[in-house]
Amino acid sequence: MSNPALSSPLSKPGLALRVDELRAALRLVPANLLVERTGCAYHALGRGRGEFRLSLFDSPLVVSFPELVAYQTNGEPFPPHIQALGIYYFHTADGAPLAGDWVSFAELPDGRIYDHAFQGYSGNEVVKAFGLDVEGFKRACEKAGGRPETFGDAAYSFQALPRLPLLVNFWCGDEDFPSTCKILFDRSLSHYLPTDVAAILGGMLARKIVGQKR
């Protein structure tokens, strides 16, 4: 299976330095403006200090301000790649409304370059797990917190970040034609994450759904 990290800025050697640069830039932005852009909540803890509260899929994130470090509910910091994902979201988000139009990864800016690899570790992994078992796919999506949608033979939307929904669309095959599955994004995606970082979310969602089968 291809690794989504191979073409992502979340795995590049200078990641820690780049994240520190983004944090420094974000500290110059008022907390209320970051709330407007990202759609998260903010809890003030004193003069110039507080916490942003949001979720990554169903996992709560508490992001300290002005430090901009993401913590789990038990007080432990998230691992570096989740820290970076959160910082890229805060840095890219501009508050644009959702387009209400689902598009494939290939239709995102520069998405066609990485589309084959993305499909390999996202939709294709779902098909490997469920094959012709569309009912099993539905059960797994529901357990993973998906909301049923009217696309294909089965489709579910997931809220990855406050203003970043994803949709997984499954077409059940038969004895002659294999099933297919694609993860789709709202067309507004580029207002909230770079395309190659969004690929990480797609891979996370595929693993989340497959994990429910196990």
Any residue meeting salt bridge (Lys or Arg N to Asp or Glu O under 4.0 Å) with D20, in chain and number order, not counting sequence neighbours: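 Scan of D20 (salt bridge (Lys or Arg N to Asp or Glu O under 4.0 Å), adjacent residues dropped) gives R23.
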Tell me, please, which residues at least two apart from R147 pass salt bridge (Lys or Arg N to Asp or Glu O under 4.0 Å).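 Counting only residues at least two positions away or on another chain, R147 forms no salt bridge (Lys or Arg N to Asp or Glu O under 4.0 Å).
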Spacing of L161 atom CG and R163 atom CZ [to the nearest 0.5 Å]: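 L161 atom CG to R163 atom CZ measures 12.0 Å (nearest 0.5 Å).
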Give, for atom CG of D94 and atom NE2 of H191, the distance between the pair rounded to the nearest 0.5 Å.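 With rounding to 0.5 Å, CG (D94) is 5.5 Å from NE2 (H191).
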If you compare all heavy atoms of F170 against all heavy atoms of C181, which two are closest, and at what distance to 0.1 Å?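 Heavy atoms only, the tightest pair is CD1-CB, 4.0 Å.
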Do you know which two heavy atoms are closest between F130 and A140, and how far apart they sit?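 So the two residues come closest at CZ-CB, 3.5 Å.
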Which of these passes side chain to side chain contact (heavy atoms under 4.5 Å, CB included) with P162: T38, V35, L54?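 In the set T38, V35, L54, the residue that makes a side chain to side chain contact (heavy atoms under 4.5 Å, CB included) with P162 is L54.
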Looking at R27, I'd like to know if its CZ atom is crowded, meaning that more than 12 non-hydrogen atoms belonging to other residues, nucleotides or ligands lie closer than 6.0 Å.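 Counting neighbours around CZ of R27, more than 12 heavy atoms of other residues, nucleotides or ligands fall under 6.0 Å, so yes.
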Take the angle between the ring planes of F105 and F185 and call it parallel below 30°, perpendicular above 60°, tilted in between.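 Answer is tilted, since the angle falls between 30° and 60°.
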Within one Ile-Leu-Val-Met-Phe-Trp-Tyr cluster: M204 and V210, side-chain cutoff 4.5 Å: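 Yes; V210 is reachable from M204 via cluster members.
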Tell me which donor-acceptor pairs under 3.5 Å the side chains of residues 65-74 have, and how far apart each pair is, sequence neighbours excluded?
{"unit_1": "E67", "atom_1": "OE1", "unit_2": "R49", "atom_2": "NH2", "d": "3.4"}
{"unit_1": "E67", "atom_1": "OE1", "unit_2": "S64", "atom_2": "OG", "d": "3.4"}
{"unit_1": "E67", "atom_1": "OE2", "unit_2": "R49", "atom_2": "NH1", "d": "3.1"}
{"unit_1": "E67", "atom_1": "OE2", "unit_2": "R49", "atom_2": "NH2", "d": "2.3"}
{"unit_1": "N74", "atom_1": "OD1", "unit_2": "E76", "atom_2": "N", "d": "2.9"}

Would you call K138-E135 a salt bridge at under 4.0 Å N-O?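 Salt bridge between K138 and E135, a charged N being under 4.0 Å from a carboxylate O: yes.
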